[in-house]
Number of protein chains: 2
Amino acid sequence: MLSNLCTDLADGTLSGMPAHRTARERARAELTAAIKDEARSQLGKQGADGLSLRAVARELGMVSSALYRYFPSRDDLLTALIIDAYNALGDAVEKAAAGHETPRERWRAACHGLRAWALANRHEYSLLYGTPIPGYRAPLDTVTPATRVPAVFIGAVRDAWRAGETKPPFEGPEMSPELREQLRGIRDQLAPDLPEEILARAFIAWVQLFGMVGFELGGQFANTVDPADEFFTHTVEQLTLFVGLG
Amino acid sequence: MLSNLCTDLADGTLSGMPAHRTARERARAELTAAIKDEARSQLGKQGADGLSLRAVARELGMVSSALYRYFPSRDDLLTALIIDAYNALGDAVEKAAAGHETPRERWRAACHGLRAWALANRHEYSLLYGTPIPGYRAPLDTVTPATRVPAVFIGAVRDAWRAGETKPPFEGPEMSPELREQLRGIRDQLAPDLPEEILARAFIAWVQLFGMVGFELGGQFANTVDPADEFFTHTVEQLTLFVGLG
DNA sequence: ACAAATTCGAGAGCACTGCTCTTGACTTGC
DNA sequence: GCAAGTCAAGAGCAGTGCTCTCGAATTTGT
């Protein structure tokens, strides 16, 4: 029933208050966390649009209208869950990548870490990368935590490039000037010295990764390469080569 | 209001009845098509779970309960729409591929045709390849039309292989025996002479394609390679090389 | 310490959803 | 022409997100 020690900061003002000063604030923080926990639990069972405010309130023994004092709308609850999910996935991928010496190993580990987290938390993953919920518009608060995951992948490629270990196995097609321009815009922020060719390959690998996980979660591999463990591993190896980390 | 001349066969018995014999059957077929049209229209505006039987009935000037005489449940309506969408996408991809001489050109055209259809019918596309609707289980009627699209892609690769034009640009990693076994199962049905290595590459390209389209539809390219036309074209060229069609 | 201001839970209620059942009118086949 | 089958309509059930009001509890200002 009660857990989740690190989600207090998602509510109230963003000033770093020392602790819960009054009993009211303490109760509010606990209830906010309890609501999110219960919502996360329901999310894991039925998916995003199975999430019912009334059911959450019912399970918590309160009346549905009382819940609106903590989350102004269903979308706000979803936003809180999305931010938590981005951070949880970011933790998982960072943790999977950490401890590996070479960029290549970190890249590999990040791929497998992403898939493992997605399979273990499929509904939360769908919340992040699945079909967008109609009418829901992600607020800006989500973009920062959303950046953590790509940062791990692009970081591995960047480190490999700086170490002079990045050699794509074949020369790709020419890139249009427009595409080069787009890629330069990204590159200047994340890895200023990376060539556009490598960045484009990393981007393709990045998309491939999410295509794989999405297909597996959506059951599109049924009757083909399901279970997909072997195929996923093979694909990761191909991508590692393709990017030039092999 | 009224259109869609080729959807009559989705309702009633599957025997090929010569025409609409009685006035009743004629009216029923027309109303069934009108319901699907209106539902498709609502689907295009609000997405899958924005589809409301009551709203469809309201728009058609009938009462909601009357609609259940044509579709026993909301899921049955969705199933009909899914089958139509699979066929529409199959038509689009087949039409895009047709008329091109070489397998390579057909492959390319199929990729661009798929994306074009997805962008023009994004909610229908999400219905097919997006996050699965919770509680909805696709019946077996959907698997046959779902096969048409992959058939075009695998067919292009198969033809290229038979013509001796398939040369992957680099040697990939070893495949596990389990993966080989899975791939053999698919290969024997679709392209009995295709090597596992090529089939695996085609599968990867296939997944990549849906990853690309899914990312673009989900807005995941925002602030990076959006608009994604150039990046998509470049990715298709890379995939064409990767599979060995270059 | 007491009053004012704020916050909170509970309840009623609105408009909406998918779906079921019954009723009465209509069309079909014999 | 009449029984059988088919249909649209309506009422109703259980559920949803959300709004509003009303006392009670708590925090805050003096």
Side-chain angles (χ1 to χ4, degrees), chain A residues 8 11-13 17-36 38-39 42-43 45-81 133-137, chain B residues 11-13 17-36 38-39 42-43 45-81 127 133-137:
Chain A
D8 320 339
D11 123 83
T13 66
M17 47 185 67
H20 308 297
R21 303 187 342 174
T22 79
R24 199 164 226 162
E25 280 178 0
R26 178 176 192 83
R28 180 177 183 87
E30 273 184 15
L31 237 182
T32 305
I35 291 171
K36 284 206 291 186
E38 177 59 33
Q42 292 200 11
L43 194 79
K45 291 172 190 159
Q46 319 172 25
D49 32 52
L51 199 164
S52 154
L53 284 190
R54 295 183 107 112
V56 170
R58 197 181 309 127
E59 206 68 21
L60 259 50
M62 59 168 75
V63 115
S64 72
S65 60
L67 221 147
Y68 285 83
R69 302 234 177 243
Y70 298 85
F71 295 95
S73 77
R74 203 190 92 115
D75 281 2
D76 289 278
L77 215 192
L78 273 176
T79 299
L81 293 179
I133 297 149
Y136 173 81
R137 191 78 201 106
Chain B
D11 126 83
T13 65
M17 48 186 66
H20 307 297
R21 303 183 344 171
T22 78
R24 196 165 228 159
E25 280 176 0
R26 179 177 193 80
R28 180 178 185 86
E30 273 186 13
L31 237 182
T32 305
I35 291 171
K36 284 205 288 184
E38 177 60 31
Q42 291 201 11
L43 195 80
K45 291 172 190 161
Q46 318 173 26
D49 31 54
L51 200 164
S52 155
L53 284 189
R54 295 183 108 113
V56 170
R58 197 181 308 129
E59 208 66 22
L60 259 51
M62 59 169 76
V63 120
S64 72
S65 60
L67 220 147
Y68 285 83
R69 298 230 174 247
Y70 298 86
F71 295 95
S73 73
R74 203 190 91 115
D75 280 2
D76 289 278
L77 215 192
L78 273 177
T79 299
L81 292 180
L127 210 56
I133 296 149
Y136 174 81
R137 190 79 201 103

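Below, read A as the first sequence line, B as the second, and so on, with proteins coming before strands; counting in each chain starts at 1. Because the structure is a prediction, the values reported are computed rather than measured.
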task = Send over the distance from B:E30 CD to D:dC7 C1', rounded to a whole Å.
result = 16 Å
query = Whole-Å distance between C:dA15 P and A:R54 CZ?
reply = 15 Å
message = Looking at every heavy atom in both A:S64 and A:A57, which two are closest together, and how far apart are they?
response = CA-CB, 3.6 Å
query = Side chains of B:L127 and B:I133: does their closest heavy-atom pair fall under 4.5 Å?
reply = yes
ask   = Please give, in whole Å, the distance from C:dG18 P to B:F71 CZ?
value = 14 Å
inquiry  = Applying the side chain to side chain contact (heavy atoms under 4.5 Å, CB included) criterion to B:V56, which one of B:Q42, B:K36, B:M62 satisfies it?
reply    = B:Q42
task = May I ask you to check whether B:D76 and B:S73 show a side-chain donor-acceptor distance below 3.5 Å?
result = yes
task = Might you point out which heavy atoms bring B:A39 and B:L81 nearest each other, and give the distance in Å?
result = CB-CD1, 3.9 Å
message = Distance check needed: C:dC16 C1' versus B:D49 CG, whole Å only.
response = 15 Å
request  = Quickly work out the A:L78 CG to D:dG17 C1' distance and round it to whole Å.
outcome  = 12 Å
Interface polar pairs with nucleotides 26-29 of chain D, N/O, under 3.5 angstrom:
residue	atom	partner	partner atom	Å
D:dT26	O2	A:R24	NH1	3.3
D:dT27	OP1	A:A23	N	3.3
D:dT27	OP1	A:R24	N	3.0

Beyond-backbone contact of B:L53 with B:Y68, side-chain heavy atoms, under 4.5 angstrom = yes
ask   = When all nucleic acid strands are considered with a 4.0 Å heavy-atom cut-off, which category describes B:R74: base, sugar-phosphate, or nothing?
value = sugar-phosphate
query = For the side chain of B:R69 and the backbone of B:R28, is there at least one donor-acceptor N/O pair under 3.5 Å apart?
reply = no
Between protein and nucleic acid, restricted to nucleotides 9-11 of chain C and to nitrogen or oxygen atoms under 3.5 Å apart, what atom pairs and distances do you find?
residue	atom	partner	partner atom	Å
C:dG9	OP1	A:Y70	OH	2.8
C:dG9	N7	A:R69	NE	3.2
C:dG9	O6	A:R69	NH2	2.5
C:dA10	N7	A:S65	OG	3.3
C:dG11	N7	A:S65	OG	3.3
C:dG11	O6	A:S65	OG	2.7

message = Looking at every non-hydrogen atom in both residues, tell me the closest pair between B:A48 and B:R74 and how far apart they are.
response = O-NH1, 3.7 Å
key: Side-chain N or O of A:S52 closer than 4.0 Å to phosphate OP1/OP2 of D:dG17   = yes
key: Nearest-Å distance for atom pair OH/C1', residues A:Y68 and C:dT7   = 19 Å
request  = Using the test side-chain hydrogen bond (donor to acceptor under 3.5 Å, both in side chains), find all partners of A:S65 that sit at least two apart in sequence or belong to another chain.
outcome  = none
ask   = What nucleic acid atoms does B:L51 come within less than 4.0 Å of, heavy atoms only: base, sugar-phosphate, or nothing?
value = sugar-phosphate
query = B:R26 has an atom CZ; how far is it from atom P of D:dT6, in whole Å?
reply = 20 Å
